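Down below is the structure, laid out as structure tokens.
We count residues from 1, following the sequence as given. Predicted model, so just to flag it, every value in this text is computed and none were measured.
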Amino acid sequence: MTQVTTLGVDLAKSVFTVHGVDVAGRVVLRKTVRREKLMELIVGLSPCLIGIEACSGAHEWARRFAAHGHRVGIMMARFVAAYRKNSKNDGNDAEAICEALGRPNMRFVPVKSAEQQAILSLHRLRQGFIEERTATINRIRGLLGEFGVVLPQRAEEVRRAAVVAAEALPVLAREAIAELRSHLTYLDERIKRYERQLLALAKEHEPARRVQGVPGVGPLTASALTASIACGHEFANGRQFAAWLGLVPRQYSTGGKARLGRITKRGDAYLRTLLMLGARAVLQSAARKTDRLSRWAMAVRTRRGYHRAVIAVAAKNARIVWALLAKNREFAVAN
């Protein structure tokens, strides 16, 4: 068989489809294999460029392929779809992955190590418990509302008033509220546990400590960012990193006329949310500071409004974080 230089692998749960071409672009391998046979096929190939779509298990497969000398590129599914011909099936998907992989301007997802994924799993668990806590609080307010008891939306008010308000309810309703309140306490403990663990990890990780010097970037944000992009060498510059996070304007330009809209909101919504929350904190304290970054933030807020200023600060922080990680530098406040 002619040597495969580029290989597209359509990942799945049980059955995988591969599509390989040689240096001239001729198809030399097109095959469907079961999960237990995939690595046997990959090991039998000479080192080549392998492309896969970003999905569950993609980083683990990328690490396995790279361990046998292959170069691996993970691509967003929306970037691959443009290269798919005819109907969607496993064979056409693998061919599209192989075709997209060879494009010189293709953008790739950074391959994460197992340690990075482990840290991010703690972030996901914490965020999941936060969402469950919010749902529990809303459930308490909804149940009390059925009996004419309207509580404020603030979580602390619900915690204090729920038990007292439930005293006047029937026994079954009172027991239901008590059980929800107990579950709320359990969720609080779980969230605090994961926060303490993440704070300890951020304190031990040197890049995360450096990133925390940026205004608006706390330990949790620093931990999530460094676990997602490591040293940031996958991005050519800070703006590319900000675009990967979805913090740049959506563009619909034609005929030489530029039309910029809302931010694209691509990439990881969790990282973007952390940066936006940090940007809000920067704007709240910027009026009391005189450093260069605070003056710039206040100027943007005056000129463009609060919400656009939040996005601008978040995008700037993303660029600064990339520079600190990629160039191995410390953050210094400019006066």
Roughly how far, to the nearest 0.5 Å, is CD of E189 from OH of Y194?
-> 13.0 Å

Rounded distance (nearest 0.5 Å) linking atom CZ of F331 with atom CG of N317 | 8.0 Å

About how many Å separate OG of S223 and CD of E204, when rounded to the nearest 0.5 Å?
-> 11.0 Å

List the steps and the verdict of side-chain hydrogen bond (donor to acceptor under 3.5 Å, both in side chains) for H59 and Q116.
-> CA-CA 10 Å; H59 294 278; Q116 288 177 275; over 6 Å; no

Do L247 and M276 pass the side chain to side chain contact (heavy atoms under 4.5 Å, CB included) test, and can you show the C-alpha distance, the side-chain angles, and the key distance before you say yes or no?
-> CA-CA 9 Å; L247 289 170; M276 298 279 277; 4.1 Å; yes

Stepwise side chain to side chain contact (heavy atoms under 4.5 Å, CB included) check, H205 with I119 | CA-CA 11 Å; H205 194 212; I119 294 174; 5.9 Å; no

Find the distance between CZ (R250) and CG (L260) and round it off to the nearest 0.5 Å.
-> 11.5 Å

Inspect the contact between E60 and R63 and indicate whether a charged nitrogen and a carboxylate oxygen are less than 4.0 angstrom apart.
-> yes

Going through the distances and angles, do D291 and S294 end up as a side-chain hydrogen bond (donor to acceptor under 3.5 Å, both in side chains)?
-> CA-CA 5 Å; D291 60 277; S294 298; 2.8 Å; yes

Hey, does V158 have a side-chain heavy atom less than 4.5 Å from the side chain of P152?
-> no

Under a 4.5 Å side-chain heavy-atom rule over Ile, Leu, Val, Met, Phe, Trp and Tyr, are L7 and F108 clustered together?
-> yes

Does the gap between the ring centers of F235 and W244 come in under 6.0 Å?
-> yes

Do the side chains of L184 and L180 get nearer than 4.5 Å, heavy atoms only?
-> no

Roughly how far apart are Y186 OH and T136 OG1, rounded to 0.5 Å?
-> 11.5 Å

Do L120 and K112 have side-chain heavy atoms sitting under 4.5 Å apart?
-> yes

Quick one: CD on E40 to NZ on K37, what's the gap to the nearest 0.5 Å?
-> 4.5 Å

For N328 and R210, does a side-chain donor sit closer than 3.5 Å to a side-chain acceptor?
-> yes

